[in-house]
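Encoded as structure tokens, the structure appears first; notes follow it.
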Amino acid sequence: REFGKLLAQELGFDYYDDEILTEIAKKSGLAQSYVNSVVENTPLQSYPITYGKTFLLFNDMVTDAQWKVIQTQNDVLKELAQKFTDMKVFIGLGSGAHYGLAGEASIKVKEMTLTPSECYYSLEYRHGPISIADKRTVVAYFVSKNTCVEDEKLISELKALGACVIALGCITEGIEKLADVSYKTDICECANLPELIIPLQYFGCHLAVAKGYDPDAPQNLSKAIIL
């Protein structure tokens, strides 16, 4: 976070250091101010780390209330994944620095769940690929500060077509109301990239298990490529 703060100062951006996981507060019954403080003060410890077939967690660094926040986030994504075992296609959308995250999310879901997945620059998706969006489409939409107005319009179109939207990044009030699940951050985009991919890794893991696959042993893949 110190790096993010210094970088924001160097680039002339406001530094808020404020992340809001909207569904966690709703589902856990904890005050949103407390949820914010958990993420703000212990960002790395707020996410279990996939290790083998287990979740590795730094238990000595996390309080019971913090663990409740973590568990609730996990439950939200598990519940969502179980609804989409018959998903037709997973779409990753992002622009700028977030395009790489969209691609990573798409690859991880494809590897773990054997679900067809695609990745596009957010607004390019509107020019054709959106034609197949329906109620069996799940979209991971990484929202950028510079395009949040246009992003909100596209998310509205996706919801009208029946798609499920997981929105991450610079979440506006309108996007929060439209998205099925949203993860908000106000810090500099180049500093929030690592943490924004984690919810999609959760989603992919739970979807794999729901479909009967082992997320730790993807089909046709190995730790090292030997030609």
Side-chain angles (χ1 to χ4, degrees), residues 1-25 32 35-36 39-40 43-44 46-47 73 77 89-109 117-133 137-161 163-203:
R1 299 223 170 223
E2 283 302 311
F3 172 77
K5 185 175 182 179
L6 292 173
L7 186 59
Q9 291 174 347
E10 183 68 22
L11 296 174
F13 293 122
D14 291 332
Y15 182 78
Y16 300 101
D17 197 22
D18 177 36
E19 301 172 33
I20 305 173
L21 303 181
T22 54
E23 286 299 313
I24 290 180
Q32 186 166 299
V35 175
N36 293 349
V39 180
E40 178 178 346
L44 294 179
S46 292
Y47 303 103
Q73 176 188 356
L77 291 164
V89 63
F90 177 88
I91 303 293
L93 298 180
S95 58
H98 288 150
Y99 178 70
L101 290 185
E104 177 66 12
S106 177
I107 287 291
K108 290 304 179 188
V109 170
S117 62
E118 303 171 359
C119 171
Y120 300 94
Y121 283 101
S122 302
L123 301 184
E124 286 186 0
Y125 180 71
R126 183 61 187 82
H127 292 289
I130 195 173
S131 61
I132 65 169
T137 302
V138 175
V139 179
Y141 203 124
F142 294 90
V143 181
S144 296
K145 185 176 182 179
N146 293 335
T147 60
C148 61
V149 175
E150 292 81 5
D151 292 336
E152 183 175 332
K153 292 178 182 178
L154 180 51
I155 290 173
S156 178
E157 290 186 42
L158 286 166
K159 292 304 302 175
L161 293 170
C164 171
V165 177
I166 304 172
L168 311 96
C170 183
I171 307 300
T172 64
E173 183 177 344
I175 291 175
E176 184 177 345
K177 292 178 180 179
L178 288 167
D180 296 86
V181 182
S182 61
Y183 296 88
K184 181 178 180 179
T185 177
D186 290 316
I187 64 176
C188 177
E189 288 188 2
C190 55
N192 69 27
L193 301 182
E195 56 191 304
L196 286 183
I197 194 62
I198 295 175
L200 279 309
Q201 292 175 329
Y202 273 165
F203 177 78

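On a predicted model such as this, the values are computed, not experimentally measured, just so you know. Throughout, residue positions are numbered sequentially from 1 according to the sequence presented. Hydrogens, waters and symmetry mates are skipped; everything else that's a heavy atom, side chains included, is used.
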Taken to the nearest 0.5 Å, the spacing of Ile91 CD1 from Cys164 SG works out to 12.5 Å
Output side-chain donor-acceptor pairs under 3.5 Å for residues 152-159, partner residues at least two apart or in another chain, one line each.
| from | atom 1 | to | atom 2 | distance (Å) |
| --- | --- | --- | --- | --- |
| Glu152 | OE1 | Thr172 | OG1 | 3.0 |
| Glu157 | OE1 | Arg126 | NE | 2.5 |
| Glu157 | OE1 | Arg126 | NH2 | 3.3 |
| Glu157 | OE2 | Arg126 | NE | 3.3 |
| Lys159 | NZ | Ala163 | O | 3.0 |
| Lys159 | NZ | Asp180 | OD1 | 2.8 |
| Lys159 | NZ | Asp180 | OD2 | 3.3 |

Value for CG (Leu101) from CG (Leu200), rounded to nearest 0.5 Å, stands at 8.5 Å
Closest non-hydrogen atoms of Ser95 and Thr147, given as atom of the first, atom of the second and distance, are OG-OG1, 3.8 Å
Side chain to side chain contact (heavy atoms under 4.5 Å, CB included) evaluation trace for Ile198 with Tyr183
CA-CA 11 Å; Ile198 295 175; Tyr183 296 88; over 6 Å; no
In short, Phe90 meets Ala140 closest at the heavy-atom pair CZ-CB, 3.6 Å
Side chain Ser122, main chain Gly94, donor-acceptor under 3.5 Å
yes
Run the numbers on Lys108 and Ile197 for side chain to side chain contact (heavy atoms under 4.5 Å, CB included), then give the verdict. CA-CA 10 Å; Lys108 290 304 179 188; Ile197 194 62; 5.9 Å; no
Value for OG (Ser144) from NE2 (His98), rounded to nearest 0.5 Å, stands at 5.0 Å
- Mind checking whether Tyr141 and Tyr125 have side chains closer than 4.5 Å, heavy atoms only? no
**Message:** Below 30° counts as parallel, above 60° as perpendicular, anything between as tilted: where do the rings of Tyr121 and Tyr99 land?
**Reply:** parallel
CG (Leu196) and CD (Glu104) are apart, to the nearest 0.5 Å, by 13.0 Å
>> I'd like to check Val139 versus Leu93 (side-chain heavy atoms, cut-off strictly below 4.5 Å). Are they in contact?
In response: yes
Shortest non-hydrogen pair, Cys170 vs Ile175, comes out as O-CD1, 4.5 Å
Point to revise | Contact check, side chains of Leu168 and Pro199, non-hydrogen atoms, under 4.5 Å | key: yes
For Cys119 and Ala102 the tightest heavy-atom approach is SG-C, 3.7 Å
